[in-house]
Amino acid sequence: MTNLEVANMLNQIASVLEIKGESIFKIRAYQEAATRIGNLSEPIEEVWRRGELRNIPGIGESIAAKIEEYLLTGKCSYLEEIARDVPAGLFQMLEVPGIGPKLAWRLYQEVGLTSVEELEQALHEHRLLGLRGFGAKMEKKLLDGIRMYRQMSGRIPLYMALPIVTRIIQYMKRNASFVDIAPAGSLRRGRPDIGDCDILVASDDPIPVIEAFVSMPDVQQVTAKGDTKASVFTGGIQVDLRVVPVESWGAALQYFTGSKAHNIKLRELAIKKGYKLNEYGLFEVATDKKVAGRSEEEIYAALGLPWIPPMMREDRGEIELAMNGELPPLVQMEDIKGDFHTHTTFSDGINTVYEMAEKAKAMGYEWLVISDHATGLGVVDGVTPERLQEYVDAIRDAERKVGIKLFVGLEGNIMADGTYLFDDPRIEVPIASIHTALGQEKEKILDRYRKVFGEVRPLIVGHPTGRLLGRREGLKVTAAEVLQLCNEYGVIPELNASPERLDIDDVGVLMAVTQYRMPIAIGTDAHDTAQMEHLYLGVLQAQRGWARKEDVLNTLSADELTELLAKRRKP
DNA sequence: GCCGTTTTCGGCCCGACTGTTTTCAGTCG
């Protein structure tokens, strides 16, 4: 049972309780527990086996018992009982913007609606008009909401959201006047997937700014428009814009960056210290006097904390760490000296070894690992043992010509039966990856990893969980399970920085560096020179997992990496 | 349901926007 499954179970309880109008605090308790478990840096089963469930903040007697039952039996009788009289379609209705738990429950109780489709039909037939608090505007709002619900279909990847927001910011700079503008929200925190985009503007004259925003071309729908904030639907995504007074810029940036859980913790801390924190500043409760607000640093400092990097603001214990003065100095893009995973024309890459080396040099790297696919992958014409010397020679040749250290890597295939294609003493950086038989059962997959880790001792395991963001769930293994094997056999997990993978994820990184104290290797898996620039996505995820410079092997100099590889090859 | 450098009971983050039930509840982030 994975942490995510347990967290989902608790979130489901929260949703049912919400629909039934239970106490908001009870609901929040379940949500809080779910968040904590989703962010846990070790498998929840381990914690449970040690009898330490109750040590997790937010988990008390009742929730601990439900987790234990779920781990033992795979179900939760409490959830089954309370969900019995709630049609499954109501949870879908909650996804429609404008429909919350109260309305969903009323629509079911008073009209008998049990799905988004039934709701749509009822709206078209104007059957809801007589209901208390239900006018023509509400009808339109919900029909719009259903259209958006169909278009949204989940979250979009960070690298796709970035250009949308950049374009909007450029448009705003040309068409409105203000003091400052910046992205906030999950975008600023570097989340790999974005639900909606938050943009913050500093101005003491908000109305024209809001007007410019809602009248942008490409706006499909204005979902909210007030004096200081507005929301629009554009490019298949919701974009929220908030205008704040210049003197509140820091407080607003902090508030609008989130995460929600981080902000709640921060406001609780403020209350304990006799303050009130909102998007306008930090205020002394007794006098209502503003004590901070111009910059984020000012606010954190007034609360007795160092500034916390946005990538860490997920309520994974970073506030406690900051209170103790133990915030880790996060790895930075400037620390990166090379890329562990690149492909060339020797397999399915677009550019030659020489061109990739030139790109690495242009990016200011000291070294680059060329790691083409080995043979054994049906769809790709990989490097064969017969061609290996030609491959090595080409790499050495480019190394001389470009004047940058190149390492000979090879991305070998872990076949369906756990054989490995292929290793050779000339390969300095063997990367073992699963590309085929992805649908195997968990134990089978783990056996394949175990066999190759034990027999071949690859340096790195490539894209360990096989996930493709928004497209494919991945292998039936969790990062936690692969990391456990990595720890056992001394294999380094890759943080694959390809925008569609980001595998291992941020929680996996957190687990690797805080629990196992093992380093990670960032590889872009670039199939052309442009994709090598995705390395920053890997650094963002590493930062989200609290990785320091010394946790990331990409920060080694060419000499240090050479030394590490030499040690490794000794018997 | 959880939790306690004020509390084992009584709190639990904060504000904007919307529609409509003219004083506020529901939704959202």
Side-chain angles (χ1 to χ4, degrees), chain A residues 10 13-14 17-19 21-36 53-67 78 82 93-107 128-142 144-145 148 184-187 189 194-200 206 210 214 222-231 238-244 248 251-252 254-283 285 315 323:
Chain A
L10 294 173
I13 293 180
L17 294 178
E18 250 189 321
I19 284 178
E22 257 287 357
S23 150
I24 182 66
F25 303 110
K26 191 171 176 176
I27 293 161
R28 200 179 288 159
Y30 278 101
Q31 288 169 339
E32 165 110 10
T35 305
R36 277 284 172 181
L53 279 181
R54 301 272 316 260
N55 291 359
I56 300 171
I59 295 184
E61 195 182 337
S62 167
I63 293 184
K66 292 179 179 83
I67 293 173
Y78 174 69
I82 58 173
M93 280 168 62
L94 286 181
E95 304 286 312
V96 176
I99 297 188
K102 292 285 183 296
L103 185 54
W105 188 241
R106 276 188 57 211
L107 289 173
L128 305 180
L129 278 178
L131 291 182
R132 180 170 51 86
F134 215 102
K137 280 192 175 174
M138 199 63 180
E139 204 170 56
K140 180 174 184 312
K141 181 179 160 178
L142 290 191
D144 288 342
M148 277 184 277
S186 46
L187 206 70
R189 300 201 311 280
I194 304 294
D196 53 30
C197 299
D198 299 305
I199 298 174
L200 189 63
I210 297 283
V214 298
V222 179
T223 46
K225 181 185 163 197
D227 289 346
T228 62
K229 75 186 252 191
S231 299
Q238 174 158 327
V239 182
D240 299 334
L241 181 105
R242 176 91 178 227
V243 188
V244 297
S248 302
Q254 196 290 315
Y255 161 86
F256 225 27
T257 296
S259 68
K260 190 174 171 177
H262 175 92
N263 285 358
I264 289 174
K265 278 287 150 62
L266 215 57
R267 282 173 222 159
E268 283 170 357
L269 185 63
I271 290 169
K272 277 188 196 145
K273 291 182 179 279
Y275 296 124
K276 183 182 75 166
L277 177 63
N278 59 31
E279 61 263 54
Y280 299 110
L282 184 69
F283 300 86
V285 170
D315 189 26
M323 279 197 276

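Reminder, nothing fancy here: chain letters follow the sequence lines and each chain counts from 1. Note: hydrogens, waters and symmetry copies are ignored here, and every other heavy atom, side chains too, is used.
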Asker: Taking all atoms of both residues into account, what is the closest heavy-atom pair of A/G145 and A/P97, and its distance?
Answerer: O-CD, 3.4 Å
Asker: Could you list the donor-acceptor pairs under 3.5 angstrom formed between side-chain atoms of residues 268-277 of chain A and any protein atom two or more places apart in sequence or on another chain?
Answerer:
none

Asker: Using OP1 and OP2 only, check whether a side-chain N or O of A/Q238 sits under 4.0 Å from B/dG29.
Answerer: yes
Asker: Can you check the A/K260 NZ to B/dC28 C1' distance for me, whole Å?
Answerer: 8 Å
Asker: How many angstroms lie between atom CD of A/Q254 and atom OG of A/S248, to the nearest 0.5 angstrom?
Answerer: 12.5 Å
Asker: P atom, B/dT21 versus B/dG26: distance in rounded Å?
Answerer: 14 Å
Asker: Please determine whether a side-chain nitrogen or oxygen atom of A/T228 lies at a distance below 4.0 Å from atom OP1 or OP2 of B/dC17.
Answerer: yes
Asker: Looking only at atom C1', what distance separates B/dT20 and B/dT27, rounded to whole Å?
Answerer: 15 Å
Asker: In whole angstrom, give the distance that lies between atom CZ of A/R36 and atom P of B/dC3.
Answerer: 10 Å
Asker: I would like to know whether A/Y255 and A/N278 meet side chain to side chain contact (heavy atoms under 4.5 Å, CB included); could you show each step before the answer?
Answerer: CA-CA 7 Å; A/Y255 161 86; A/N278 59 31; over 6 Å; no
Asker: Pick the closest DNA chain B nucleotide for A/G98 and for A/K26 by heavy atoms, then say which residue is nearer the 5' end.
Answerer: A/K26
Asker: Considering only the C1' atoms, how many Å lie between B/dT18 and B/dT23, rounded to the nearest integer?
Answerer: 15 Å
Asker: With rounding to the closest Å, how many angstrom separate the P atoms on B/dT6 and B/dG1?
Answerer: 27 Å
Asker: Separation of A/K102 atom NZ from B/dC24 atom P, in whole Å?
Answerer: 18 Å
Asker: B/dG29 C1' sits how many Å from A/D196 CG, rounded?
Answerer: 8 Å
Asker: By nearest atom, which of the nucleotides B/dT20, B/dG15, B/dG29 is closest to the A/Y280 side chain?
Answerer: B/dG15
Asker: B/dG29, B/dG1, B/dT27: which one has an atom nearest the side-chain heavy atoms of A/S62?
Answerer: B/dG1
Asker: To the nearest Å, give me how far apart CD1 (A/I210) and C1' (B/dA16) are.
Answerer: 11 Å
Asker: Taking the minimum atom-to-atom distance to the side chain of A/L103, which one of B/dG1, B/dG15, B/dT27 wins?
Answerer: B/dT27
Asker: How many whole angstroms separate atom OH of A/Y255 from atom C1' of B/dG29?
Answerer: 6 Å
Asker: A/E268 has a side chain; which of B/dC12, B/dC14, B/dG26 sits nearest to it?
Answerer: B/dC12
Asker: Nearest whole Å is fine: how far is B/dC28 P from A/N278 CG?
Answerer: 22 Å
Asker: Answer yes or no: does a side-chain N or O of A/K229 lie under 4.0 Å from OP1 or OP2 of B/dG29?
Answerer: no
Asker: Heavy atoms under 4.0 Å is the rule here; annotate nucleotides 6-11 of chain B 5' to 3' with B where the base is hit, S where only the sugar-phosphate is, and - elsewhere.
Answerer: ------
Asker: Side chain to side chain contact (heavy atoms under 4.5 Å, CB included) for A/E32 and A/I264? Distances and angles first, verdict last.
Answerer: CA-CA 11 Å; A/E32 165 110 10; A/I264 289 174; 5.8 Å; no
Asker: With a non-hydrogen cut-off below 4.0 angstrom, is A/L277 in contact with a base, only sugar-phosphate, or nothing?
Answerer: sugar-phosphate
Asker: A/L94 or A/Y275: which one's nearest nucleotide on DNA chain B is closer to the 5' end?
Answerer: A/Y275
Asker: Given atom CD1 of A/I27 and atom C1' of B/dC2, what is their separation to the nearest angstrom?
Answerer: 14 Å
Asker: Which value, rounded to the nearest 0.5 Å, describes the distance between A/I13 atom CD1 and A/Y30 atom OH?
Answerer: 5.0 Å
Asker: Which is true for A/E279 with a 4.0 Å heavy-atom rule: it touches a base, it touches only sugar-phosphate, or it touches nothing?
Answerer: sugar-phosphate
Asker: Looking only at heavy atoms, which two atoms of A/Q31 and A/A14 are closest? And how far apart?
Answerer: CG-CB, 3.6 Å
Asker: Categorize A/V244 for me: base, sugar-phosphate, or nothing, with a 4.0 angstrom heavy-atom threshold over every strand shown.
Answerer: nothing
Asker: Taking the side chain of A/A224 as heavy atoms from C-beta outward, which of B/dC17, B/dG29, B/dC2 is closest to it?
Answerer: B/dC17
Asker: NA contact type, A/I264, heavy-atom cut-off 4.0 Å: base, sugar-phosphate, or nothing?
Answerer: base
Asker: Side chains of A/P101 and A/L94: closer than 4.5 Å at any heavy-atom pair?
Answerer: yes
Asker: For B/dG15 and B/dG10, measure between their P atoms and round to the nearest Å.
Answerer: 26 Å
Asker: Distance check, C1' atoms only: B/dT8 and B/dC3, in whole angstrom units.
Answerer: 9 Å
Asker: Is any side-chain heavy atom of A/T257 less than 4.5 Å from a side-chain heavy atom of A/R189?
Answerer: yes
